[in-house]
Protein chains: 2
Amino acid sequence: MLGDQIRTRRELLKDADRRYSLRQVAGRVGIEPAYLSKIERNEVPPPGEETIKKISRDLELDPDVMLAMAGKISSDLQEIIRKRPLLFSKMLRALKEAPDHAILEVVREVTDGDW
Amino acid sequence: MLGDQIRTRRELLKDADRRYSLRQVAGRVGIEPAYLSKIERNEVPPPGEETIKKISRDLELDPDVMLAMAGKISSDLQEIIRKRPLLFSKMLRALKEAPDHAILEVVREVTDGDW
DNA sequence: CATAATGTTTACTATATACTACACACTAAA
DNA sequence: TTTAGTGTGTAGTATATAGTAAACATTATG
């Protein structure tokens with residue numbers, strides 16, 4: 001679950017730095033300590049996109065992975081798809097079962113800019 | 001707007017087939033006529049994913065395009081991304097500015113199954 | 001030992017989402 | 001010409017989303 005990841009990561013950081021207490025993290029993130037407590041214990045549904053991103057930044061966790069665990073997708077990715085829905089929908093469904101290395105290959109090709 | 005697309009398409013079909021009155025379409029789709037009326041005139045925020053898909057099916061419109069106009073993304077696509085968030089997030093951002101033909105090329109390669 | 005900080009419990013709350021239900025005026029068909 | 005069908009205006013609702021706020025018991029610190 002999302003909460004477990006957050007708690008585990010925060011407690012790890014806390015051992016080396018007391019600025020990672022639940023209250024202090026909540027303070028930096030801009031939410032109530034009580035709410036972060038409930039998030040970490042999966043007592044509430046996952047927070048909103050912005051809150052997940054702020055928590056991820058504070059704890060140096062990957063925001064896309066955290067959002068995925070929350071059943072969400074970053075709005076910047078959504079926008080990319082929404083701008084060309086036919087193309088990207090087709091591509092995603094085509095790559096659904098593709099092995100990881102095939103997708104990485106696509107990234108590599110495109111990053112090399114050979115179009 | 002989404003409503004315009006629906007209204008235009010429905011009225012086009014209605015000219016050839018009176019089963020495409022607002023009431024009859026609403027009936028098949030499973031929503032109140034008053035609601036469909038408001039959707040077509042953009043008087044309400046876009047309906048939910050399932051309702052958009054049903055309307056799209058009835059009027060033979062592309063559901064991914066309709067969902068995009070509603071600011072949404074089909075849940076099956078979201079699931080594809082959520083299963084491998086690192087990979088697909090990276091790929092989408094890499095392809096953000098890529099020209100259409102480059103994306104189609106990716107689809108072609110993958111569809112040919114040469115991995 | 002006092003007090004400061006920690007995590008948690010309980011009780012709310014505001015806003016958005018996704019609609020329904022009924023009544024109405026107008027037009028077309030039998 | 002009545003009645004069947006069309007689209008629309010108004011009012012209301014259920015559920016989900018995304019949190020806040022105060023008080024509490026427990027542990028750590030000066």
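Keep in mind that what you see is a predicted model, and the values were worked out from it rather than measured. Throughout, a chain's letter reflects where its sequence line sits, starting with A, and its residues are numbered from 1.
The pair B:Arg82-B:Glu79 does not count as a salt bridge, with every side-chain nitrogen at least 4.0 angstrom from each carboxylate oxygen. Under 4.0 Å is where a charged nitrogen must lie from a carboxylate oxygen, and between B:Lys54 and B:Glu50 no such pair does. Under the 4.0 Å criterion applied to side-chain N and carboxylate O atoms, B:Arg93 and A:Asp64 are assigned as salt-bridge partners. Between A:Glu43 and A:Lys38 there is no salt bridge, since none of the side-chain N atoms of the basic residue sits less than 4.0 Å from a carboxylate O of the acidic one.
Mapping B:Leu22 and B:Lys38 onto DNA chain D by nearest heavy atom places B:Leu22 closer to the 5' end of the strand. For the pair B:Glu49 and B:Ala34, nearest-nucleotide mapping onto DNA chain C gives the more 5' position to B:Glu49. Between B:Arg23 and B:Tyr35, the one whose closest nucleotide on DNA chain C sits nearer the 5' end is B:Tyr35.
Looking at heavy atoms from C-beta onward, B:Ser56 lies out of side-chain contact with B:Asp62 at the 4.5 angstrom threshold. Side-chain contact between B:Arg9 and B:Glu60 is present, with heavy atoms from C-beta onward closer than 4.5 Å.
Of all nucleotides in DNA chain C, those with any atom nearer than 4.0 Å to a heavy atom of chain A start and finish, going 5' to 3', at C:dT6 to C:dA11. Taking every nucleotide of DNA chain D with any atom under 4.0 Å from a non-hydrogen atom of chain B, the first and last of them, 5' to 3', are D:dT6 to D:dA11.
Nucleic acid contact class of B:Gln24 (heavy atoms, under 4.0 Å, all strands): sugar-phosphate only. Within 4.0 Å (heavy atoms only), B:Ser21 reaches sugar-phosphate atoms of the nucleic acid but no base atom. Residue A:Pro33 is classed as a base contact, given a heavy-atom separation below 4.0 Å to a base. Contact annotation for B:Gly30: backbone-only contact, meaning every heavy-atom pair under 4.0 Å involves sugar-phosphate atoms and none involves a base.
As a member of the Ile/Leu/Val/Met/Phe/Trp/Tyr network built from side-chain separations under 4.5 Å, B:Leu13 groups with A:Leu86, B:Leu2, B:Ile6, B:Tyr20, B:Leu22, B:Val25, B:Val29, B:Ile31, B:Tyr35, B:Leu36, B:Ile39, B:Val44, B:Ile52, B:Ile55, B:Leu59, B:Leu61, B:Val65, B:Met66, B:Leu67, B:Met69.
Under a 3.5 Å cut-off, the side chain of A:Arg41 and the backbone N or O of A:Ser37 do form a donor-acceptor pair.
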